[in-house]
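Structure first, then comments.
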Amino acid sequence: MSRAFADDAALFLRAARARAFVRIVGSFREPNGLIADAVFPNLGMCAFVMMYRALGAPAYYEALAVIGGILTTYWVNVLWGMGAQFYWEKQAGQLQLYFAAPCSRMAILCGMAVGGLLASMLRSLVGVALAVFVFHVQLEPFSPWQLFAVFMATMAALYTLGMIMASLFLLYGREAWHTCNAFMEPAFFLSGLYFPIRTLGAFGAVAAAILPLTLGVDALRQVLLGARSPGLMSVRLEFLALCGFAVLYFFVARWSLRYLENLSKQEGRLTQRWQ
Amino acid sequence: MAMTGTFARMRTAAWLGWQVESNWADPVIFFIYMIARPLAVSLTLAAMYAATRSTATEGAAFAGFYVANAFHAYVNTMVVGMGWAVFEEREEFETLKYVYVSPMGLVTYLAGRSFVRFVLGSISALLMLLVGWFALGVRWEWSGVQPVFLAITMVAGLGATLSAGFLLSGVAMVLTRSAMTVLEGTMLGLYLMCGVIFPVDLLPVWLRPLSYALPFTWWYECIRRFLLGRGSSAYMNTLSDAQLLGAMLAVCAAFAVLSWLVYRAMDRLARTLGRLDQTTMF
């Protein structure tokens, strides 16, 4: 029994590592994707920073928008590199290979998440460079360990949410594609990427209960901007909530993947293109 | 007779475009999908303004940014949408070659598709203006509106939008899978370079000539001036109404000619390179 479990775990890790490797190498082999993920989210961020400047707002708001803008790189990757990945695979006729492989589909999704996260971390350096050299963002002294913990909890919650989205593409085609598309700007608004989430009042708290990006942005701002950025909750509570989101979403993704795979097989839509 | 035939073909293309855009969902879901993005952008801008209202020194400028952002919906839907039409037809549906050789021709087809995008853009812009007027207090004095100048501005701006759509369609014909990146980048790049939500005076000096060469920079400034009564750019504020309108018309006309030449050149290049039926995405 324990031997079988060890074999399964080893296979899971090997499959995840292989998928992560493909994701990292593939993303750097495609310069267009590199530019798209590294530069484009920052163009929007620059526009929002300029708007604060045009309104004559204090510099704190620019710092706030820059931190939110950097996180858009990850959200874009979660939506299009994670959520929509099975759509690309289906259109390319490769999705069936995942199902023919003897490993768990969750291993593939975990590998995609880890690979996507590592690639996005390097890409987000463009946003960091803009923050330091162009916008001269002033940060408060902070604990790097606290920053690391909050960041990783945010990413875990975001990428497990991406795993749930990915499972939708097993059954749906264009519907899920358009859903991903529609999640872009609404998520920017609901997560307060470019403004303090407290501006939304009680609505902001509701958004935080739905979208982990909201809590992640808020916690990271509290860590980096200190007292200038009063949050919805304390950093400790937001960290715990993000960890809770990650665990919850992981199990929902696992269930969703299994359920939608079966449904998709029954309806014969697993490998159907142009739906 | 020839014109009647062209319009009939355009109408068919518009109908097909509508089906492609909307038949993945029932009308209610499609409507929610269609308004979700522009509404979210409007609310984001409003929240940014609300957050800074007590401390901002130039809060009055917000109305100009908001209105320009509403009209930027045309650029997002028409310009980028026409490029996407070429990309989708070739890469995803693999039908571009059939459209190209059909008696309808690609130009008529794209013009028809652009009409659907125009309608969608109009709904987005109108919705944003209504939200601004009734929910956010972004209003203007009707007595201060200059209707003739504004009407000319709208016609010229929409013409420039159509021209830019053909330009991007031509580029999308030549590029392979990278067209997707270019289209998305253009959308975000124009948002920054045209000073939709800030005066272009805030751009670095070396970027400003590029901004002034784009028709949308002038279009948004004219809309602010002729609808709200005040522009946002210090440089453009030195121009009289007639000078501003004249400059916009000149830039739009030059851009339209350039776009058409680029489209024709890209069309030839795409045929030479064999790109019309080359799928590289899926």
Side-chain angles (χ1 to χ4, degrees), chain A residues 30-37 39-58 60-61 64-65 88-94 134 172-175 177-179 181-190 192-200 204 273-275, chain B residues 23-25 29-30 32-34 36-53 55-62 64-65 69 91-94 175 177-182 184-185 187-193 195-204 232 281-282:
Chain A
E30 184 69 71
N32 298 309
L34 205 62
I35 294 167
D37 288 356
V39 177
F40 294 162
N42 294 310
L43 296 179
M45 178 255 280
C46 290
F48 288 119
V49 170
M50 294 288 203
M51 179 170 152
Y52 277 131
R53 206 166 275 186
L55 292 173
Y60 151 71
Y61 289 98
L64 177 146
W88 304 117
E89 305 287 10
K90 193 187 277 188
Q91 292 296 89
Q94 293 198 119
V134 177
Y172 300 104
R174 285 195 300 157
E175 302 96 326
W177 168 267
H178 286 294
T179 305
N181 212 10
F183 270 155
M184 289 281 283
E185 282 82 0
F188 292 172
F189 170 66
L190 289 174
L193 277 181
Y194 297 110
F195 56 87
I197 191 67
R198 287 165 68 101
T199 310
L200 298 182
R273 297 174 69 193
W274 298 310
Q275 35 171 333
Chain B
N23 74 358
W24 55 273
I29 291 177
F30 180 71
I32 293 169
Y33 165 74
M34 203 181 61
R37 290 183 80 167
L39 196 62
V41 175
S42 298
L43 293 175
T44 299
L45 295 182
M48 289 171 70
Y49 174 59
T52 59
R53 190 154 40 191
T55 50
T57 55
E58 303 289 336
F62 174 72
F65 304 148
N69 183 69
E91 299 283 344
E92 193 162 3
F93 309 131
E94 299 174 21
L175 297 177
R177 59 189 294 171
S178 57
M180 192 168 64
T181 309
V182 170
E184 290 299 310
M187 186 167 72
L188 290 163
L190 287 175
Y191 195 65
L192 181 67
M193 290 303 300
V196 180
I197 55 170
F198 61 90
V200 288
D201 309 335
L202 290 180
L203 285 172
S232 68
M281 191 73 201
F282 303 116

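Lettering of chains follows the sequences in order, A, B, ..., and the numbering in each one begins at 1.
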Do you know the tightest heavy-atom contact between A/Ala54 and B/Pro199? CB-CD, 3.4 Å
Give, for atom OH of B/Tyr49 and atom CG of A/Leu55, the distance between the pair rounded to the nearest 0.5 Å. 8.0 Å
So for B/Leu39, is it side chain, backbone, both, or neither that comes closer than 4.5 Å to the heavy atoms of chain A? neither
By a 4.5 Å heavy-atom criterion (distance strictly below it), what part of A/Tyr60 contacts chain B: side chain, backbone, both, or neither? neither
Point-to-point distance, once rounded to the nearest 0.5 Å, from CG of B/Leu203 to SG of A/Cys46: 10.0 Å
Taking side chain as everything from C-beta outward and backbone as N, CA, C, O, which of these in A/Tyr61 sits under 4.5 Å from a heavy atom of chain B? Side chain, backbone, both or neither. side chain
Beyond-backbone contact of B/Val41 with A/Phe189, side-chain heavy atoms, under 4.5 angstrom: no
Going through the distances and angles, do A/Tyr52 and B/Thr52 end up as a side-chain contact (heavy atoms from CB on, under 4.5 Å)? CA-CA 8 Å; A/Tyr52 277 131; B/Thr52 59; 3.4 Å; yes
Non-hydrogen atoms of chain A under 4.5 Å away: do they reach the side chain of B/Phe62, the backbone, both or neither? both
For the candidates B/Leu192, B/Ile197, B/Thr55, which exhibits the highest count of non-hydrogen atom pairs separated by less than 4.5 Å from chain A? B/Ile197
When A/Ala47, A/Pro196, A/Ala65 are compared by non-hydrogen pairs under 4.5 Å with chain B, the top option: A/Ala47
Which atom of A/Thr199 lies closest to which atom of B/Ala50, heavy atoms considered: CG2-CB, 4.0 Å
